[in-house]
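Below is one structure, written out as structure tokens, with a few remarks after it.
First the proteins, then the strands, lettered A, B, ... as listed; each starts at 1.
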Protein chains: 2
Amino acid sequence: MAERKNRATQQELILAVSSRLFWEKGYAETSMKDIAGVCGFRPANIYNFFTGKESILFEILYREMVDIVVPIAHLKDDESVNPVEALRLMIENHVKLTLGEKRSSKLLFDVGLNNLSPANRKKIIRLRDDYDAIGVAIVRRGKKAGIFAKDVDDKIAVFSIGSIIARSRIWYSPKGKYSVDEIIEFMFRFALRGLGGGAVFGKR
Amino acid sequence: MAERKNRATQQELILAVSSRLFWEKGYAETSMKDIAGVCGFRPANIYNFFTGKESILFEILYREMVDIVVPIAHLKDDESVNPVEALRLMIENHVKLTLGEKRSSKLLFDVGLNNLSPANRKKIIRLRDDYDAIGVAIVRRGKKAGIFAKDVDDKIAVFSIGSIIARSRIWYSPKGKYSVDEIIEFMFRFALRGLGGGAVFGKR
DNA sequence: AATTAGTTAATGAACGACCATTCACTTATA
DNA sequence: TATAAGTGAATGGTCGTTCATTAACTAATT
């Protein structure tokens, strides 16, 4: 008979397995049986650790969003950081989380929100709003400092940069031409130029 | 008793209804009952016009992809069109199709591919490849002409621009601050600058 | 113009499969 | 011995799809 594991261990196992399956196959296409199968026990046992399928999804999305926001939260109000450098840090962190380890081709994030209860959805969206606010603050400071072009819209710019990163999950392949670091470099340059701050590096 | 409609009419009705529902709720989350309900008949009747749910999805994705690619296909090899102008045409067409009329918040396109049979998926991907090839050709010509920066990667640039547009479905609201035309203008400028061609317009 | 035959849109009922979840239970561990 | 990990079986539901049948249209025939 299989040995018993403790609560925390099994919760993390379920989250790790579910995360992989959700990102790979999609939320609706992943069954509790799938998850339990990979974990090595029966579906019913999942309910000893989570109240239901949705709560698993929420926990995954929430943690991921926290990982994206928390490391850059200090950039929002810190006037001492160069906006260009702040932009780089923001992109670097986001891309690394998006393309690192996991390797998946689905946009769980954009799509999974609709599978959450309104209350849970709100919590995720609040974090997404934080992310946007950080980006907007950086762009604003950059414009004020004369580094970025004044005619770019803060919000759309941040959405655009976020979109470039989020959707790289679809086309990126670890076996491809570029490393994650090179992609970060490209996206940073593209975003910086897009913001009108391209004068930093010459045209090559 | 409800009057009978002819074949072509009902096929188009089913496609229109399904398209709206798929984009709004997602493919897996939309049932044949949902579709039939909106159409005004019973689910079984759908099978008089389509072989199954997947064939409806395919038809929708295929048509949309054709709409995106065909109007800009001529830009691929036409050396006479200014690369900057070609870029604008490409973005304009794509954004208009993405944000025009439909109004939906899901990324059916990125996600729905996995619900297709391998054969059908291949047909869609072929069109997506065409789109990429057109974009790459434009960027290459722009670099050759000295308008775009030489250090940008053609492919990633096209992916990035496409991502900005595709994902605008999520955040765009017709009731929001900007019109579709203004968003086109922003994205064009952002993309152009990102490509290193920002010198076209001064910094404001 | 009336009748008929053929076609096909539309239906109701049923199919098997799978789904998330519940619950009484067993069993291992601390 | 108390706690909690793990199970088997069952529940009610939904899903996509099939199929025999009905009813409304079209076109040819009388």
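Among the nucleotides C:dT11, D:dT7, C:dA20, the one closest to any side-chain atom of A:Ser31 is C:dA20. The side chain of B:Ala44 sits closest to C:dA13 out of D:dT7, C:dA13, C:dA9. Minimum atom distance to the side chain of A:Arg42 is reached by D:dG8, of the listed D:dG16, D:dG8, C:dT11. Comparing D:dG6, C:dA20, C:dT22 against the side chain of A:Lys53 picks out C:dA20 as the nearest.
Whole-Å rounding puts the B:Leu13 CG to C:dA10 C1' distance at 14 Å. Computed from coordinates, the A:Tyr47 OH to C:dT21 P distance equals 4 Å when rounded to whole Å. Put simply, CZ on A:Phe41 is 16 Å from C1' on C:dA28, counting in whole angstrom units. Taking atom NZ of residue B:Lys33 and atom C1' of nucleotide D:dT18, one finds them 18 Å apart after rounding to whole Å. When the P atom of C:dT26 is taken as reference, atom CG of A:Asn45 falls 17 Å away, rounded to whole Å. In this structure, CD1 of A:Ile35 is placed 13 Å from C1' of C:dT21, rounded to the nearest angstrom. One interatomic measurement links the two molecules: CE of A:Met32 to P of D:dG6, which rounds to 15 Å at whole-angstrom precision. Going from atom CZ of A:Phe22 over to atom P of C:dA20 covers 9 Å, rounded to whole Å.
Taking all atoms of both residues into account, the shortest heavy-atom contact from A:Asp130 to A:Val69 is CB-CG1, 4.1 Å.
Judged by distance alone, with hydrogens and angles left aside, B:Asn48 brings a side-chain donor or acceptor within reach of the base of C:dA10, the pair sitting under 3.5 Å.
Side chain to side chain, A:Glu54 and A:Asn120 meet the donor-acceptor criterion of an N or O pair below 3.5 Å. Using modelled atom types and a 3.5 Å distance limit, the side chains of B:Ser179 and B:Asp181 yield no donor-acceptor pair.
Of the side-chain N and O atoms in B:Gln10, one or more sit less than 4.0 angstrom from OP1 or OP2 of C:dA10.
Every residue two or more places apart in sequence or in another chain that forms a ring pair (Phe, Tyr, Trp, His ring centres under 6.0 Å) with B:Phe186 is listed here: B:Phe190.
Within the 4.0 angstrom heavy-atom criterion, no nucleotide atom of any strand lies near A:Thr9.
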